[in-house]
Amino acid sequence: MTEERQKIKNTQRWVVKIGSALLTDNGCGLKHDVLDNWVSQIAELNKRGIEIVLVSSGAVAEGVSRLGWKRRPNVVHELQAAAAVGQMGLIHAYEVCFQKYDKHTAQILLTHDDVANRARYLNARTSMNTLLKLGVIPIVNENDTVATDEIRFGDNDTLAGLVANLIDAELLVLLTDQKGLYNADPRVDSNAKLIEQAEASDKSLESFAGEGGSLGRGGMRTKLKAAVVAMKSGTQTVIASGSDESILLKIANGETVGTLLTTAEESLQAKKQWLANQAHLQGTVTLDDGAVTALKKNGKSLLPVGIKSVAGEFKRGEIVSCVDNGGNEIARGLTNYDSVQTKLIIGKSTKEIQELLGQIEEDELIHRDNLILI
Ligand code: GLU
């Protein structure tokens with residue numbers, strides 16, 4: 001077992017992406033027995049302490065079957081209609097299966113824009129983290145009614161990479177109908193060799209990636225792209241065969257299956273590096289001495305109670321600079337409250353904030369995970 005595979009054994013937060021080709025009966029309807037098997041593996045991993053967000057397609061195929069259509073249509077708005085109908089069946093099928101393991105599920109429909117926009121990024125991140133804390137399995141699909149990236153490009157792969165960034169996943173598992181990434185197309189070249197491990201950033205891998213099949217539009221190209229996206233939060237990626245009935249367990253056991261795409265950096269570190277490089281600060285908050293110590297010495301989050309004054313205009317999710325009494329920058333991070341709200345809640349306790357704003361976004365102005373010390 002390589003050192004990297006060994007490390008996977010200790011991971012605790014995964015994103016698993018299952019594409020249409022694996023879940024559906026030739027594009028028409030869901031294969032419930034297959035779905036059952038994924039669910040049983042995920043439930044087992046959950047029992048071992050691994051939190052999992054599932055990214056699953058299959059809505060269009062289920063919709064095509066529910067609407068009684070003979071084949072998948074070519075017109076985008078019909079595909080969107082099928083996705084809207086089929087999403088009900090997809091999520092219902094998962095719910096029924098997970099109930100057998102006493103697991104609640106949650107439906108999350110996302111678009112790439114939701115993740116690019118900082119405020120919505122924070123919203124999605126907080127709700128997903130809350131669901132994970134509650135032991136719920138979030139099931140993500142692209143919101144095909146308002147976006148058609150997956151319908152057009154098979155981009156649930158990239159969406160899965162973005163979800164990995166969102167929740168700081170340690171591992172992204174992309175399941176496919178191939179054993180992993182080969183150095184040639186195994187369907188036509190019998191000498192094609194499986195690449196067991198490579199760096200996600202290795203540009204030469206692109207030359208090995210072909211296009212997707214007719215059901216799942218993904219193919220290796222979008223999977224490599226997803227691994228590069230995942231790398232930004234220090235997430236490792238495994239591309240592996242969904243036809244192996246115990247593939248998730250094998251991956252969790254550190255077995256050499258599929259293609260492991262490694263990243264150099266640890267997850268939180270990668271994010272903090274990104275924060276450190278952001279030159280565009282939208283505002284400044286001045287901290288009292290207690291808050292400075294809490295941040296610098298005790299590794300704590302920044303609470304509104306420790307803030308003395310606010311300067312500049314900023315929105316939720318933007319980056320603010322944290323300075324001490326003397327105006328020296330000591331930290332920066334993503335704020336949970338905009339500048340108007342921050343001015344209202346400075347110096348206040350959580351209870352007072354709730355009374356003032358009617359509701360509470362988060363206890364912290366800046367959560368520790370979204371903050372770097374300068
Ligand atoms: N997100 C869609 C689904 O769940 C699209 C996949 C596809 O194009 O087949 O089915």
Side-chain angles (χ1 to χ4, degrees), residues 15-32 34-36 38-39 42 52-98 105-115 124 128 137-164 166 172-178 210-223 225-226 229 239 242-243:
V15 174
V16 175
K17 187 257 168 182
I18 308 178
S20 297
L22 291 173
L23 279 177
T24 69
D25 209 355
N26 212 13
C28 286
L30 296 171
K31 286 201 271 191
H32 289 264
V34 173
L35 202 126
D36 218 17
W38 294 121
V39 169
I42 291 172
I52 294 185
V53 173
L54 183 60
V55 177
S56 176
S57 316
V60 168
E62 175 65 3
V64 166
S65 143
R66 286 189 165 205
L67 290 165
W69 294 346
K70 292 275 168 306
R71 65 187 73 82
R72 181 185 165 100
N74 293 321
V75 186
V76 170
H77 62 253
E78 286 178 359
L79 288 163
Q80 287 179 287
V85 171
Q87 181 65 24
M88 309 279 293
L90 180 68
I91 220 72
H92 177 68
Y94 276 119
E95 184 178 40
V96 169
C97 288
F98 273 112
T105 43
Q107 171 183 243
I108 301 187
L109 297 176
L110 285 179
T111 67
H112 291 194
D113 292 350
D114 293 327
V115 194
M128 264 197 230
I137 310 283
I139 303 173
V140 179
N141 196 358
E142 178 164 280
N143 191 350
D144 295 308
T145 318
V146 296
T148 52
D149 286 344
E150 200 202 354
I151 283 173
R152 290 181 205 272
F153 312 117
D155 243 8
N156 254 10
D157 287 330
T158 315
L159 191 65
L162 292 167
V163 171
L166 199 67
L172 167 64
V173 180
L174 299 171
L175 295 165
T176 172
D177 49 3
Q178 299 289 323
E211 299 298 344
S214 59
L215 292 181
R217 337 244 97 204
M220 286 300 163
R221 205 171 297 278
T222 56
K223 289 186 175 53
K225 197 171 138 208
V229 170
I239 303 173
S243 3

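For ligands, and for the atoms within them, numbers begin at 1 and follow the listed sequence. Treat the numbers as computed from the prediction; the structure is a model and nothing was measured.
Polar contact check, D144 against ligand 1: a nitrogen or oxygen pair lies under 3.5 Å apart. For the pair V60 and ligand 1, the shortest N or O to N or O distance falls below 3.5 Å. Where the criterion is an N or O separation shorter than 3.5 Å, residue side chain and backbone included, A59 meets it with respect to ligand 1.
Nearest heavy atoms, D144 versus A83: OD2-CB, 3.5 Å. Of all the heavy atoms in L35 and C97, the pair that sits closest is CD2-SG, 3.8 Å.
Residue contacts with ligand 1, taken as heavy atom pairs separated by less than 4.0 Å, involve S20 solely via side-chain atoms from C-beta onward. Only side-chain heavy atoms of R72 come within less than 4.0 Å of ligand 1; its backbone N, CA, C and O stay farther off. Only the side chain of N141 comes within contact range of ligand 1, with a heavy atom under 4.0 Å; no backbone atom does.
Here the straight-line distance linking atom CG of D157 with atom NZ of K17 works out to 4.0 Å at 0.5 Å rounding.
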Go through V16 and W38 one step at a time and tell me if the side chain to side chain contact (heavy atoms under 4.5 Å, CB included) criterion holds. CA-CA 10 Å; V16 175; W38 294 121; 5.9 Å; no
Run the numbers on Y94 and I137 for side chain to side chain contact (heavy atoms under 4.5 Å, CB included), then give the verdict. CA-CA 10 Å; Y94 276 119; I137 310 283; over 6 Å; no
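Looking at E62, its side chain does come within 3.5 Å of a backbone N or O of L30 through a donor-acceptor pair.
Listed by number with element, the atoms of ligand 1 under 4.0 Å from a non-hydrogen atom of G58 are 3 (C), 4 (O), 10 (O).
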